[in-house]
Number of protein chains: 2
Amino acid sequence: MSNTNLKQLAAALGLSISSVSKALRDSYEISAETKKRVVEMANRMNYQPNPFASSLRRKKSATIGVVIPEIANNFFALAIDGIQMVAEQKGFHVLTYLTHENNTNEVSTVRHLLGGRVDGVLMSLCRDTQSVDHLTSLQESGIPLVFFDRVPEQMSCPTVTTDDYESGFRATEHLIQSGCKRIACLSLSHYLSISNKRMNGYMDALKKHGLPVENGLIVQCTNDNEYNLSLIKALLKGRKRPDGIFSTVEKLAISVYYVTQEMGLQIPKQLKIISFSNLRTASLLNPSLSTITQPAFEIGVEAAGLLFRMIEKKTFGNRIDKLELKSALIERKSSERINKI
Amino acid sequence: MSNTNLKQLAAALGLSISSVSKALRDSYEISAETKKRVVEMANRMNYQPNPFASSLRRKKSATIGVVIPEIANNFFALAIDGIQMVAEQKGFHVLTYLTHENNTNEVSTVRHLLGGRVDGVLMSLCRDTQSVDHLTSLQESGIPLVFFDRVPEQMSCPTVTTDDYESGFRATEHLIQSGCKRIACLSLSHYLSISNKRMNGYMDALKKHGLPVENGLIVQCTNDNEYNLSLIKALLKGRKRPDGIFSTVEKLAISVYYVTQEMGLQIPKQLKIISFSNLRTASLLNPSLSTITQPAFEIGVEAAGLLFRMIEKKTFGNRIDKLELKSALIERKSSERINKI
DNA sequence: AAAATCAACGAAAACGTTTTTCCTAAATAT
DNA sequence: ATATTTAGGAAAAACGTTTTCGTTGATTTT
C-alpha cells in the first residue's frame, strides 16, 4: 500500500485536498503553475492514488473480468494474450477466473462478479453449462458482457466466434476428398454450440457426399482425459474402424495420436485425422497434423474491443454485435491422400 | 454493480447499518435470530458487498498480482494454473500482467502495483531486466513478493525455482553419453539467472568430460523469433557444425526443429537435441523431443503457497524461503545414441 | 437493594478519493 | 464608484464498508 495520500500531499503543498486532486486530474479550475507544483511534489513523494477509494467514489474499477474454462490450453492462452493487449492499451486491469469446465465454478464466479468488482466481463462457457440463468442475471445487472468462442445460444448477447459450421464442413469434406469413407467425429460436449455447429458441418458434409451418418462414429467425450482415451481406443479397436477422424478440439486429437502410437496404427495410411488446433508444433508432429486453426489472438482482441465499446458506451442502445471470424484449414500429412500404386 | 447496499438492507430490516454489517460478518454482538433474519433478507435482496468500500476500509484487497513475461507459453500457463488453484482456495482474486519480455513494461507494471491494488505479488522476471530498483521498491513498500523460476539474483527475496544448474549439467552429460562431441547451448538471455545457471551446468559437464567450451557454440538468443532462426541457421550451417544442442528454453528447440526440417538435417543422426520444455506433445514430435521438464504447475502452487503464508503473516519476521523443486529429464529419440554398425 | 456485568444493538468516525458547492479577491463592466 | 464576472482555490458531501464506542435494559453479583 502506497503510504502517501492526498491529505499528506496537500499538507506538504499548503493546498487543500480538493485542489490537489483537481490538479492531478488536470482540471481547468487549477492554474498551470499550481498544477506543475503539484505534479512535481506528487512524484517526489511517490504518490499513488488509492485505487479503492477512487473506484468507490467513481463507481468504476478500470478492471475487466475474463472467465474461461482453462488456461493451459493454446487457444485460450492466445485469446487471453489478445485480451490483455487491448486492456493494457485502455489502462485496464485484467482479472482472470478459471472454471475448469465445471458449471458450479462458473456460477459462483459469476456471483462474485455481480459484486461489481469489474466494469465488464469476457467469457467463454464451460462444457457442461446448460442453464443460462447466471448469465442473464449478470447481463441484467448492467455489466457489459461479451462472449467469445463458446457462446450461449439461448440468450441474446454480443459474441465473437468463428465459422464453426463451415470449418467442420470443410474439414470433413477434406477428409472425404482424401479418400475417407468412414469418418468419426470427436465432440467435446453436446451442450456447447461450437461443438454442435462443428458437428453439423461434419454431418452435412457426409450427406452431401452420400456418406451415411452413423451414431457410433460420433463420440461424445468427457472432461476426463483417461476416459476419453478409453473411448478413442474403443473406437479404433472396433470391428469397423473409422478411416478418418474429425476432432473438434485439440486435446482429443493429441489423445488420438497417443492411442495410434500405442496401437501401432499408421497415420495417414490407416487413419487420417484433422483437428481444430492452435498447436505451434502441429507441423512438427509425427506425422504433421492437419488443423483448422482459429485466429485465437484476434478473437481475444475483437472480443475485448467489443467489450470496451460497450464500457465506453460507444455502442448505441440495444445494438448487439455478433462478430464471426474465419478459421484457416491447413492441410498437412495427417490427412494426406495415399495413392495406391 | 450490485444495486442493493447495506443501507437499503438495514432499512428493509429495521436495523442499523452497523448491526447488519456485523450480522453478516457473524459477530458475537448480534443474536442468532437477528443474524438469521439478516442473512435471509440479504439473500432475498441479492445483496453483494461492495468490494471497493470493503477494501478501502479494511486495507485488504483479497487480490494477488501475477507478473509474467508471456502467457502463450506452456510453462507459464501451467504455473498460472497452479497459482489460480491456490488463490481460489483462499478466496483471492488474481490479476495478471504480461511484460512481453520488456523491462519497461515490467517497471510500469510494478509502479501500478505499488498503488496498493493487491495484497501480494508473484513474479517471474523478463529477459532483459538488469536493474532491480523497481523490485526492491516494491518489496520495501511492504507488499509480500515471491519470485518463481526467473528470479533476481541481486536481491534477497523468497523464491521458488528448479534445479537449473543440475538440470543443465545432466542434460549436457546425457548428450555427451549419447556420443556428442560438439555441443551448442542456446541461451535465452545472459541477464537471467536461470539461463546462466543452466549454462554453467552445461559448461561444467563439458569440462568434466574433457570437452572444450567454445564461445562460438554458446548462442545468446533474442526476443525476435526471426532473428533467432537466423542465428540457429548460421550455427547449423557453419563449417564446424555442432552435433548436439542443449536448449535452455522450449521455443528455441522448436525453432531448431523448424530449421533442421528446412535444411534436411536429421535428428538424432546428424544432430541431437534436448531442451527445457513443458510441451505436452514432446513425445509426438518427429522425432520425439528429449526434455528437461519443470514441475510448472507445482511451481505455481508452491509460489502461491509461500505468498499466502506471507500475506497471512504466518511466516516469522525476516525469514526468507528459497524453495527448489526438481525437474525431470526425459530421454526421447531426439538425443538417442546412434550405434554405428 | 445497589452495583456490576452483560447481551444486543445503534451512532458515528474512518478509509482516501472525487465532485459539487461555496468562497474570496481581483478584474472587468456599467 | 458600484455591480458583475471570473479566476483560483477551499469546504464539505458523497461513495459503502468496517470498527470503535456508546447506550440501553436485563441479568447477575455482592
Side-chain angles (χ1 to χ4, degrees), chain A residues 1-39 41-42 45-63 91 112 114-119 141-142, chain B residues 1-39 41-42 45-63 91 112 114-119 141-142:
Chain A
M1 188 96 357
S2 168
N3 28 9
T4 127
N5 58 20
L6 270 189
K7 196 170 174 182
Q8 294 163 16
L9 197 51
L13 284 158
L15 285 172
S16 75
I17 293 179
S18 58
S19 298
V20 176
S21 173
K22 281 186 258 191
L24 289 173
R25 321 207 98 249
D26 203 23
S27 160
Y28 66 96
E29 296 181 63
I30 306 294
S31 71
E33 310 128 270
T34 306
K35 279 179 190 169
K36 209 176 71 179
R37 274 183 61 220
V38 171
V39 170
M41 183 62 87
M45 296 181 68
N46 221 316
Y47 169 73
Q48 293 287 124
N50 181 306
F52 306 118
S54 178
S55 289
L56 177 59
R57 180 60 232 242
R58 306 178 58 197
K59 295 177 175 294
K60 305 234 163 84
S61 65
T63 306
H112 267 123
L114 274 172
R117 191 176 291 268
V118 297
D119 295 341
S141 81
Chain B
M1 187 99 354
S2 168
N3 28 9
T4 127
N5 58 20
L6 271 188
K7 195 170 174 180
Q8 295 164 15
L9 196 52
L13 285 158
L15 286 171
S16 75
I17 293 179
S18 56
S19 296
V20 176
S21 173
K22 281 185 255 190
L24 290 172
R25 322 205 96 249
D26 201 25
S27 160
Y28 66 96
E29 296 180 65
I30 306 295
S31 73
E33 311 129 90
T34 307
K35 278 180 191 168
K36 208 176 71 179
R37 273 184 62 220
V38 170
V39 170
M41 182 62 87
M45 295 181 69
N46 220 316
Y47 170 73
Q48 292 288 124
N50 181 306
F52 306 118
S54 178
S55 289
L56 176 59
R57 179 63 232 243
R58 305 177 60 197
K59 293 177 175 298
K60 304 236 164 83
S61 64
T63 306
H112 268 123
L114 273 172
R117 191 175 292 268
V118 297
D119 295 341
S141 81

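Not measured: the values here are computed from a predicted model. Below, chains carry the letters A, B, ... as their sequence lines are ordered, and counting in each starts from 1. The figures that follow rest on heavy atoms only: side chains count, while hydrogens, waters and symmetry mates do not.
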| said: One character per nucleotide, please: for nucleotides 11-20 of chain D, 5' to 3', B when the base has a protein heavy atom closer than 4.0 Å, S when only the sugar-phosphate does, - otherwise. | reply: BBBBBBBBBB
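Under the rule for a side-chain hydrogen bond (donor to acceptor under 3.5 Å, both in side chains), A:Ser54 has no partner lying at least two apart in sequence or in another chain. Evaluation of the side chain to side chain contact (heavy atoms under 4.5 Å, CB included) rule for B:Lys36 yields B:Glu40 as partners, not counting sequence neighbours. Judged as a side chain to side chain contact (heavy atoms under 4.5 Å, CB included), and not counting sequence neighbours, the contacts of B:Thr34 are B:Leu15, B:Ile30, B:Ser31, B:Val38. B:Ser21 is linked by a side-chain hydrogen bond (donor to acceptor under 3.5 Å, both in side chains) to nothing, counting only residues two or more places apart in sequence or in another chain.
Nearest heavy-atom pair across A:Tyr47 and A:Leu9 is CG-CD2, 3.9 Å. In plain terms, the two heavy atoms of A:Phe52 and B:Arg117 that are nearest each other are CZ-O, 3.6 Å.
The CG atom of A:Leu15 sits 20 Å away from the P atom of C:dC23 (whole-angstrom rounding). Distance A:Asp26 CG to D:dG8 C1': 15 Å, rounded to the nearest Å. Atom CD1 of B:Ile30 is separated from atom P of C:dC6 by 18 Å (rounded to the nearest Å). Distance NZ (B:Lys36) to P (C:dA8): 15 Å, rounded to an integer number of Å.
OP1 and OP2 of C:dA7 both lie 4.0 Å or more from every side-chain N or O belonging to B:Ser31.
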| task | Dump the intermediate steps for side-chain contact (heavy atoms from CB on, under 4.5 Å) on A:Asn50 and B:Leu56, then the final yes or no. | result | CA-CA 8 Å; A:Asn50 181 306; B:Leu56 176 59; 4.1 Å; yes
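In this structure, A:Lys35 NZ and A:Arg25 CZ are separated by 12.5 Å, a value rounded to the nearest 0.5 Å.
From one end of the helix from C:dA1-D:dT30 to C:dT30-D:dA1 to the other, with five pairs defining each end axis, the axis direction shifts by 50° (rounded to 10°).
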